[in-house]
Amino acid sequence: MLVVMEHTATDEQIKAVVDIIQEMGLRAHAMPGATRTAIGITGNKQMVKDAQIFALPGVMEIIHVTQPYKLVSREFHPDNSVVDVSGVTCGGDLVPVIAGPCAVESESQCFAIAERVKAAGACMFRGGAFKPRTSPYDFQGLGEEGLKILSRARDRFELPIVTEAVDPGNLDL
């Protein structure tokens with residue numbers, strides 16, 4: 001659900017709407033825009049009584065958002081999400097190229113591929129350190145040692161690393 005405030009709504013009116021939403025046991029996400037503020041509501045398993053919110057001063061409109069992933073929807077978050085990964089932006093105007101092996105099998109394999117990835121112009125290196133499989137007889141990845149190899153590849157080739165972690169624990173990388 002999205003509550004759109006009047007462009008003349010005061011900070012006190014916005015806070016009152018947020019407080020009422022939170023009193024209902026829901027989460028309110030105030031999103032100030034260029035001309036007005038919208039308040040996203042998450043956590044509602046059933047319909048919220050529109051009348052209770054609509055009656056509050058400063059409320060212009062209530063929009064029911066029915067699609068999943070409300071927090072990343074265009075109605076909830078109209079601007080592009082941009083994430084910085086060690087100086088490489090993902091989600092902006094440029095498309096980052098991320099390349100590497102499915103699994104890190106050895107340092108020599110990882111470095112040989114990282115060298116080619118860097119030379120080809122990719123901006124991040126990916127490699128799996130953990131490879132959970134159905135069968136315990138299949139290659140499970142190098143785990144912590146794979147993470148250490150990736151760390152050394154990051155330092156040597158100056159490429160941010162993309163990998164998955166099953167249980168990093170207290171790794172010293």
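Position 1 is the first residue of the sequence, and the numbers go up from there.
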Colleague: Atom CZ in Phe130, atom CG in Leu147: separation rounded to 0.5 Å?
Modeller: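 Atom-to-atom, Phe130:CZ and Leu147:CG are 4.5 Å apart.
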Colleague: Show which residues join Val95 in its hydrophobic cluster (side-chain heavy-atom contacts under 4.5 Å, direct or indirect), or state none.
Modeller: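 Answer for Val95: none, a lone residue.
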Colleague: With sequence neighbours excluded, tell me which residues meet side-chain contact (heavy atoms from CB on, under 4.5 Å) with Ile98.
Modeller: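 With sequence neighbours excluded, Ile98 shows a side-chain contact (heavy atoms from CB on, under 4.5 Å) to Met124, Arg126, Val162, given in chain and number order.
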Colleague: Can you pull the salt bridge (Lys or Arg N to Asp or Glu O under 4.0 Å) pairs that have at least one residue in residues 52-63, sequence neighbours excluded?
Modeller: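 As it turns out, there is no salt bridge (Lys or Arg N to Asp or Glu O under 4.0 Å) pair with a partner in residues 52-63 once direct neighbours are skipped.
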Colleague: Which other residues belong to the hydrophobic cluster containing Leu94, where Ile, Leu, Val, Met, Phe, Trp and Tyr are joined when side-chain heavy atoms lie under 4.5 Å apart, directly or via other members?
Modeller: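 Direct or chained contacts put Leu94 with none.
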Colleague: Spell out, yes or no, whether Ile41 and Met24 are grouped together once hydrophobic residues are joined by side-chain heavy atoms under 4.5 Å, including indirect joins.
Modeller: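 Hydrophobic grouping puts Ile41 with Met24.
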Colleague: Which residues pass the side chain to side chain donor-acceptor pair (under 3.5 Å) test with Asp19, sequence neighbours left out?
Modeller: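 For Asp19, the residues satisfying side chain to side chain donor-acceptor pair (under 3.5 Å) (neighbours in sequence not counted) are Lys15.
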Colleague: Does Ile20 reach the side chain of Gln52, with side-chain heavy atoms less than 4.5 Å apart?
Modeller: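 A side-chain contact under 4.5 Å exists here.
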Colleague: Kindly give the heavy-atom pair with the smallest separation between Pro160 and Val88, and that separation in Å.
Modeller: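 Closest pair (atom of Pro160, atom of Val88, distance): CG-CG2, 3.9 Å.
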Colleague: Got a second to check how far Arg154's CZ is from Ile161's CD1, nearest 0.5 Å?
Modeller: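 Answer rounded to 0.5 Å: 7.0 Å.
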Colleague: Partners of Glu6 by salt bridge (Lys or Arg N to Asp or Glu O under 4.0 Å), sequence neighbours excluded?
Modeller: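 In terms of salt bridge (Lys or Arg N to Asp or Glu O under 4.0 Å), with neighbours along the sequence ignored, Glu6 is linked to no residue.
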Colleague: Identify, with sequence neighbours excluded, every residue that meets side chain to side chain donor-acceptor pair (under 3.5 Å) alongside Ser86.
Modeller: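 Checked Ser86 against side chain to side chain donor-acceptor pair (under 3.5 Å); zero matches.
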Colleague: So which heavy atom on Cys110 is nearest to which on Ala153, and how close?
Modeller: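 For Cys110 versus Ala153, the nearest heavy atoms are SG-CB, 4.0 Å.
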Colleague: Are side-chain heavy atoms of Ile14 and Thr10 found at a separation under 4.5 Å?
Modeller: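 With C-beta onward as the side chain, the pair stays apart.
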Colleague: Apply side chain to side chain contact (heavy atoms under 4.5 Å, CB included) to Met1 and Ile63, showing your working.
Modeller: CA-CA 6 Å; Met1 184 177 206; Ile63 302 169; over 6 Å; no
Colleague: Sequence neighbours excluded, which residues qualify as salt bridge (Lys or Arg N to Asp or Glu O under 4.0 Å) partners of Asp84?
Modeller: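 Listed in chain order: nothing, the list is empty.
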Colleague: Measure the CG-CG distance between Leu150 and Asp155 for me, rounded to the nearest 0.5 Å.
Modeller: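 Taking CG in Leu150 and CG in Asp155, the distance rounds to 11.0 Å.
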Colleague: Check salt bridge (Lys or Arg N to Asp or Glu O under 4.0 Å) between Glu158 and all other residues, then give those that pass, not counting sequence neighbours.
Modeller: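 Partners of Glu158 by the salt bridge (Lys or Arg N to Asp or Glu O under 4.0 Å) criterion come out as none, since no residue qualifies.
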Colleague: Does CD belonging to Gln140 count more than 12 external heavy atoms closer than 6.0 Å?
Modeller: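 Atom CD in Gln140 is crowded, with more than 12 foreign heavy atoms closer than 6.0 Å.
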Colleague: Which atom pair, heavy atoms only, marks the closest approach of Pro101 to Phe125?
Modeller: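 So the minimum-distance heavy-atom pair works out to CD-CZ, 3.5 Å.
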Colleague: To the closest 0.5 Å, what do you measure between CZ (Phe54) and CE (Met60)?
Modeller: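 Nearest 0.5 Å value for the CZ-CE distance: 9.0 Å.
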Colleague: Quick one: which residue pairs count as a side chain to side chain donor-acceptor pair (under 3.5 Å) with a foot in residues 94-113, not counting sequence neighbours?
Modeller: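 Of all non-adjacent pairs touching residues 94-113, those that pass side chain to side chain donor-acceptor pair (under 3.5 Å) are Ser106-Ser108, Glu107-Arg152.
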Colleague: Which heavy atom of Val59 sits nearest to which heavy atom of Ile53, and what is that distance?
Modeller: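 Answer, listing the atom of Val59 first, then Ile53: CG2-O, 3.4 Å.
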Colleague: Please list, chain by chain and in numerical order, all residues satisfying salt bridge (Lys or Arg N to Asp or Glu O under 4.0 Å) with Arg116, sequence neighbours excluded.
Modeller: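 For Arg116, no residue satisfies salt bridge (Lys or Arg N to Asp or Glu O under 4.0 Å) once neighbours in sequence are set aside.
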Colleague: What closest approach, in Å, do Ala114 and Leu159 show between heavy atoms, and which atom pair accounts for it?
Modeller: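 Shortest heavy-atom separation between Ala114 and Leu159 comes out as O-CD1, 4.0 Å.
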Colleague: Do Ile39 and His29 touch side chain to side chain, with heavy atoms closer than 4.5 Å?
Modeller: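 Of all side-chain heavy-atom pairs linking His29 with Ile39, none is under 4.5 Å.
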Colleague: Between Thr163 (side chain only) and Gly127 (backbone N and O only), is there a donor and an acceptor less than 3.5 Å apart?
Modeller: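 Yes.
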Colleague: Are the side chains of Glu164 and Lys131 in touch, meaning some heavy atoms are under 4.5 Å apart?
Modeller: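 Contact flag for Glu164/Lys131 side chains = yes.
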Colleague: For a 4.5 angstrom cut-off between non-hydrogen side-chain atoms, does Val85 reach Cys90?
Modeller: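 A side-chain contact under 4.5 Å exists here.
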Colleague: Can you name the closest pair of heavy atoms from Ala38 and Leu2 and give their distance?
Modeller: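 Scanning both residues, the minimum pair turns out to be CB-CD1, 4.1 Å.
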Colleague: Taking side-chain contact (heavy atoms from CB on, under 4.5 Å) as the definition, give me every residue that meets it alongside Asp138, ordered by chain and number, with sequence neighbours left out.
Modeller: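 Result, side-chain contact (heavy atoms from CB on, under 4.5 Å) vs Asp138: Arg133, Ser135.
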